[in-house]
Amino acid sequence: MPENKPASGPERFSSRPGKTIGIGSRLCALTLEAYQYQAAQYALLGTISSSKGRRRHHTMKTDKMLKGASSVYRLSSAVYEAVRMELTITHPDDWHLHLRDGELLGAVAPHSAAHFGRAIVMPNLRPPITTTAAAVSYRESILKALPAKCSFQPLMTLYLTDSMQPEEIKLARKSGVVFAVKLYPVGATTNSQDGVTDLFGKCLPVLEEMARQSMPLLVHGEVTDSNVDVFDREKAFIETVLQPLVQRLPQLKVVMEHITTADAVKFVESYEGPVAATVTPQHLLLNRNSLFQGGLQPHNYCLPVLKRETHRQAIVLAVTSGSKRFFLGTDSAPHERRRKECSCGCAGIYSAPIALSLYAKVFEEAGALDKLEAFTSFNGPDFYGLPRNKSKITMRKSPWVVPESFPFSVGEIVPMFAGKTLQWQTFMN
Ligand SMILES: NC(=O)N[C@@H](CC(=O)O)C(=O)O
């Protein structure tokens, strides 16, 4: 490590345009042009060495470090901003993804594969994936839909039904390709007509086997009783299904998928057993006003439906707090445009190509970019008991415009934030 004295002006530094430096495995890598690079490098190294004696530099938070460096060495705001322009993080995974099948699969799989190392693939096809044999065959179709030399790994799931048998869980575990079972209450969402009607009765032996096999239950957490207001269905589900479930089977690993409320945050944070939650970009960035802004907005419609602002804020606070119980799950759910823009449009937001950019935006706005990597790349595999990815990606702050749509052979898919400008872009290392 060089002497940590900064030079007084840019003219003292040699020019190393575009150089990327990585400091510690968890810290940002920085790309800067010419003197900005060197100025920032000296400033950062200075800050690191000042804490070296206390052996704290590995855990220093990048943003704090930059602020410290900025004040000690009087970095100009331009340099400070430039330093913040690029981060290198462990390759993220998507712990909640809808890849569909047929033509749609071919259109969307490359988008997820371009950004994520692995993904938990939801089983709500028609017919649903209810057996290990079907999951194995679906996995093969997914692999065929990927670009050549792509290392993306689909992690398969089974669709829980009242008639599933515990033997299926043993087969699933043995297969090495099925990683979880998804609970859709019947009628809760897209293709949930074959879902569960009797969780504590007919499904109980399967749940007990899952607890024994350490196979996570992924939960679409909404009651389907039409007497319950659509905005209260998650809260009602926690009270009437989730709490009794975790009391009855405290060993069962449960992931509350795509949480939307402060109630879900509280449940996940306060329960001591193996409970976690995935969080989508839309529930971090949008509230229910987005459904009606300037007219009905079908491309902001998903289930569970967007909630009021106070809930969004509670979720942002939870994920940016550094809690290990929350991790990335896009719930990217493509539907062909005509199935969204019609008199009875489908629920589902397509976010795969922009999700990482959106998560970075959320963490940046919360001043918590140093917590982004755990959310995108550590908490998920740790909860599932899988190794973290070894490869890295780089996220660079450089404005880009989200395409208006992604055409494919039988139509087009409109992504979330179509036509909008986003700040962060992802690059594979
Ligand atoms: N999120 C959605 O609104 N839709 C998902 C199903 C789901 O996860 O609810 C879909 O498959 O379209």
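Counting convention: from 1, in listed order, for ligands and their atoms alike.
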Relative to the heavy atoms of H220, which atoms of ligand 1 are at a distance of less than 4.0 Å?
9 (O)

Non-hydrogen side-chain atoms of F417 and L286 separated by less than 4.5 Å
yes

Within the side chain of K324, is there an N or O that forms a donor-acceptor pair under 3.5 Å with the backbone of G322?
no

Polar-atom distance check: A333 versus ligand 1, any N or O pair below 3.5 Å?
no

Could you label the plane-to-plane angle of the F327 and W95 rings as parallel, tilted or perpendicular, counting under 30° as parallel and over 60° as perpendicular?
perpendicular

Given E140 and K144, is the salt bridge (Lys or Arg N to Asp or Glu O under 4.0 Å) satisfied, shown in steps?
CA-CA 6 Å; E140 277 160 19; K144 279 192 199 133; 5.6 Å; no

Find all atoms of ligand 1 within a distance of less than 4.0 Å from any non-hydrogen atom belonging to T189, and give their numbers and elements.
4 (N), 6 (C), 7 (C), 9 (O)

Does an N or O anywhere in C302 fall below 3.5 Å from an N or O of ligand 1?
no

Below 4.0 Å, non-hydrogen atoms only: which portion of I349 touches ligand 1? Side chain, backbone, both or neither.
neither

Would T190 count as being in polar contact with ligand 1, using the rule that some N or O on each side must be under 3.5 angstrom apart?
yes

Ring centres under 6.0 angstrom apart (F375, Y359):
yes

Do any heavy atoms of H96 fall under 4.0 Å from ligand 1?
yes

Would you tell me which option among S192, P334, P123, A347 has the nearest heavy-atom contact to atom 4 (N) of ligand 1?
A347

Taking E208 first and then R212, would you say they form a salt bridge - that is, a charged N and a carboxylate O separated by under 4.0 Å?
no

Considering non-hydrogen atoms only, spot the tightest contact between I354 and L422 and give its length.
CB-CD1, 3.9 Å

Closer than 4.0 angstrom: is that true for some heavy atom of H258 and an atom of ligand 1?
yes

Quick test of your reading of the structure: of E257, R100, H98, whose heavy atom lies closest to atom 12 (O) of ligand 1?
R100

Would you say D331 has any N or O atom under 3.5 Å from an N or O of ligand 1, going by distance alone?
yes

Any N or O of H335 closer than 3.5 Å to N or O of ligand 1:
yes

Main-chain N/O of V275 paired with R325 side-chain donor or acceptor, under 3.5 Å:
yes

Contact between M428 and I393 at the side-chain level, heavy atoms closer than 4.5 Å - yes or no?
yes

Ligand 1 atoms nearer than 4.0 angstrom to some heavy atom of L303 are 1 (N), 2 (C), 3 (O), 9 (O)

